[in-house]
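It should be emphasised that the depicted structure is a prediction, and the values quoted were computed from it without experimental measurement.
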Amino acid sequence: MKFSKEDIYNALDSITAPGEGKSLVESKSIGNIVIFGNEVVVDVVISNPTLQAKKKVEVEIMKAIHDRVYQKIDVKVNVKVNAPAPEKKPSNLIKGKKIEGIQNIIAIASGKGGVGKSTITANLAITLSKMGFKVGVLDADVYGPSMPIMFDVADEKPIAITVDGRSKMKPIESYGVKLLSLGFFTQPDQAVIWRGPMASKALNQLIFDAEWGELDFMLIDLPPGTGDIHLSIVQAVPISGAVIVSTPQKIALADAKKGVAMFEQKNISVPVLGIVENMSYFTPAELPDNKYYIFGKDGARNLADDLKTAFLGEVPLVQSIREAGDVGHPVALQNDTPLEEAFINITKNLVTQLVKRNDDLPPTEVVKITTMAGCSAVNK
């Protein structure tokens, strides 16, 4: 059977380059194709140095040629790794590759667990959607994903769809928000026991192997702390800005300050758009005019002043917020309530800071780690 280089290229256009989100042909990973009768030699260049990635590409190329061109072709694949060389100036940064169709990526972080970061993320997403924006949420809390419950889609499973000849995950959609979480791929009682590299690989798949479509905002719900997941995110995508969530409590503010310091570190340089204070005060239903500052007063507001960043707003400690999250119906879905107004004010302040950031600063760059030490600690 006769076949041409064009036939081979057409077959390889169906294969996604590892970590690229594009086909081998589209990403210009195919170096050369040589045909000798029924023998084909394919030279391919990839950026992922792992043995698993090399083997996967080799097997997929052979399968694509056999399935799409001719079963009896003798295929030989030469895989070469071409990791990007470190730039000399600055030595630790590279320009981030923008995710096609996503305009703004905002990281929601806390530094400390239990301050309601996921609740804030869910309600910000709902509010942005109600304002007419196209919104997606990436649940990056690998070890404790909660977004499927908060959006009432815990039993849903993303399906695979074909986009331009390549298989992609279709995010789950709820209340007008597109959503992906590791929680969709694990059992409710299953513990995720992964080291950092495995968690990072899973996140990259959720980001780059999904068909997000056109989004005005992608909100990334980060886990507590300043560890592997945070570093993986800033290495993977250019974050437009970060929002820090804290309670007014002194011990929570200390961790929130570390979260701000992480994003402001010189070799990360993600602008902090502002701080949200959650559980600011408690007002009993029977005493609507009373405010009890259980965790302290104005802690996050004062921290924002100290760090010269914006105070985006406060959310009271209200039972209905917890109840709404537990049943998968975030309180921001309510109309004409004080809680809806609180989240509208926070969201408006967030968008204002983002517009200012986009006007005043160049696009954020993705972090490139050039030493085994990674990013060092910062004193603030």
Side-chain angles (χ1 to χ4, degrees), residues 13-27 29 46-48 50 52-53 56-57 59-60 63-64 96-108 118 121-122 125 129 134-188 190 192 194 197-223 229 232-233 235-239 328:
D13 197 36
S14 64
I15 302 172
T16 302
E20 294 287 339
K22 299 178 180 179
S23 76
L24 291 175
V25 175
E26 190 179 0
S27 63
S29 298
I46 63 174
S47 58
N48 189 332
T50 64
Q52 180 183 12
K56 182 174 183 289
V57 167
V59 171
E60 287 184 347
K63 186 176 186 302
K97 60 176 181 180
K98 185 175 180 289
I99 302 178
E100 195 66 33
I102 300 179
Q103 299 304 314
N104 299 283
I105 303 176
I106 299 176
I108 315 293
S118 296
T121 302
S129 180
K134 297 175 182 177
V135 187
V137 172
L138 173 65
D139 188 354
D141 194 347
V142 173
Y143 304 106
S146 53
M147 287 299 163
I149 294 175
M150 289 190 169
F151 280 85
D152 195 24
V153 286
D155 296 327
E156 299 287 338
K157 299 293 180 186
I159 62 173
I161 58 174
T162 300
V163 180
D164 297 329
R166 297 188 296 279
S167 180
K168 294 272 190 176
M169 279 184 288
K170 182 180 180 182
I172 301 298
E173 190 163 341
S174 179
Y175 308 125
V177 175
K178 294 181 179 179
L179 177 67
L180 274 180
S181 168
L182 190 67
F184 292 132
F185 304 97
T186 58
Q187 298 301 320
Q190 179 184 351
V192 177
W194 286 352
M198 290 186 66
S200 301
K201 181 181 177 182
L203 281 179
N204 278 343
Q205 288 183 308
L206 292 181
I207 295 171
F208 295 109
D209 292 344
E211 177 55 28
W212 290 99
E214 298 290 329
L215 294 180
D216 298 305
F217 293 92
M218 173 185 277
L219 304 186
I220 302 181
D221 182 28
L222 290 170
I229 301 302
S232 296
I233 290 293
Q235 283 182 274
V237 292
I239 306 293

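No more than 12 heavy atoms of other residues, nucleotides or ligands shown are found within 6.0 angstrom of NZ on Lys134.
A donor-acceptor distance shorter than 3.5 angstrom exists from the side chain of Trp212 to the backbone of Ile207, with no hydrogens or angles considered.
Residues that satisfy the ring-ring contact (aromatic ring centres under 6.0 Å, His included) test with Tyr175, not counting sequence neighbours, are His329. In this structure, the ring-ring contact (aromatic ring centres under 6.0 Å, His included) partners of Phe217, at least two apart in sequence or on a different chain, are Phe133. Taking the side-chain hydrogen bond (donor to acceptor under 3.5 Å, both in side chains) definition, one finds that Ser118 meets it with Ser146, Asp221, sequence neighbours left out. Remark: Ile149 pairs with Ala154 by the side-chain contact (heavy atoms from CB on, under 4.5 Å) rule, at least two apart or across chains. Considering only residues two or more places apart in sequence or on other chains, Val163 meets the side-chain contact (heavy atoms from CB on, under 4.5 Å) condition with Ile161, Lys168, Glu211. Glu60 meets the salt bridge (Lys or Arg N to Asp or Glu O under 4.0 Å) test with Lys56; sequence neighbours excluded. Applying the side-chain hydrogen bond (donor to acceptor under 3.5 Å, both in side chains) rule to Ser129 yields no partners; only residues at least two apart in sequence or on another chain are considered. Residues meeting the side-chain hydrogen bond (donor to acceptor under 3.5 Å, both in side chains) test with Lys63, sequence neighbours left out: Asp67. Residues satisfying the side-chain hydrogen bond (donor to acceptor under 3.5 Å, both in side chains) criterion with Ser174, sequence neighbours excluded, are absent altogether.
Rounding to the nearest 0.5 Å gives a distance of 5.5 Å between CG of Leu138 and CD1 of Ile233. Rounding to the nearest 0.5 Å places CD1 of Ile15 at 13.0 Å from OG of Ser167. Rounded to the nearest 0.5 angstrom, Leu179 CG and Glu156 CD are separated by 10.5 Å. The CD1 atom of Ile102 lies 9.0 Å from the CD atom of Glu214; values are rounded to the nearest 0.5 Å.
Counting heavy atoms from C-beta outward, Phe185 and Gln205 have side chains that stay 4.5 Å or more apart.
The two residues Thr16 and Arg166 have their closest heavy-atom pair at OG1-CD, 3.0 Å. When every heavy atom of Leu215 is checked against every heavy atom of Lys178, the shortest pair comes out as CD2-CD, 4.2 Å. For the pair Ala210 and Leu180, the tightest heavy-atom approach, listed with the atom from each and the gap, is CB-CD1, 3.4 Å. Contact detail for Leu219 and Ala125: the closest heavy-atom pair is CD1-N, 3.7 Å.
Ser181 pairs in a side chain to side chain contact (heavy atoms under 4.5 Å, CB included) with only one of the listed residues (Ile172, Asp139, Val137), which is Asp139. Screening Ile108, Thr121, Ile106, Ile239 for a side chain to side chain contact (heavy atoms under 4.5 Å, CB included) with Ile220, the sole residue that qualifies is Ile239.
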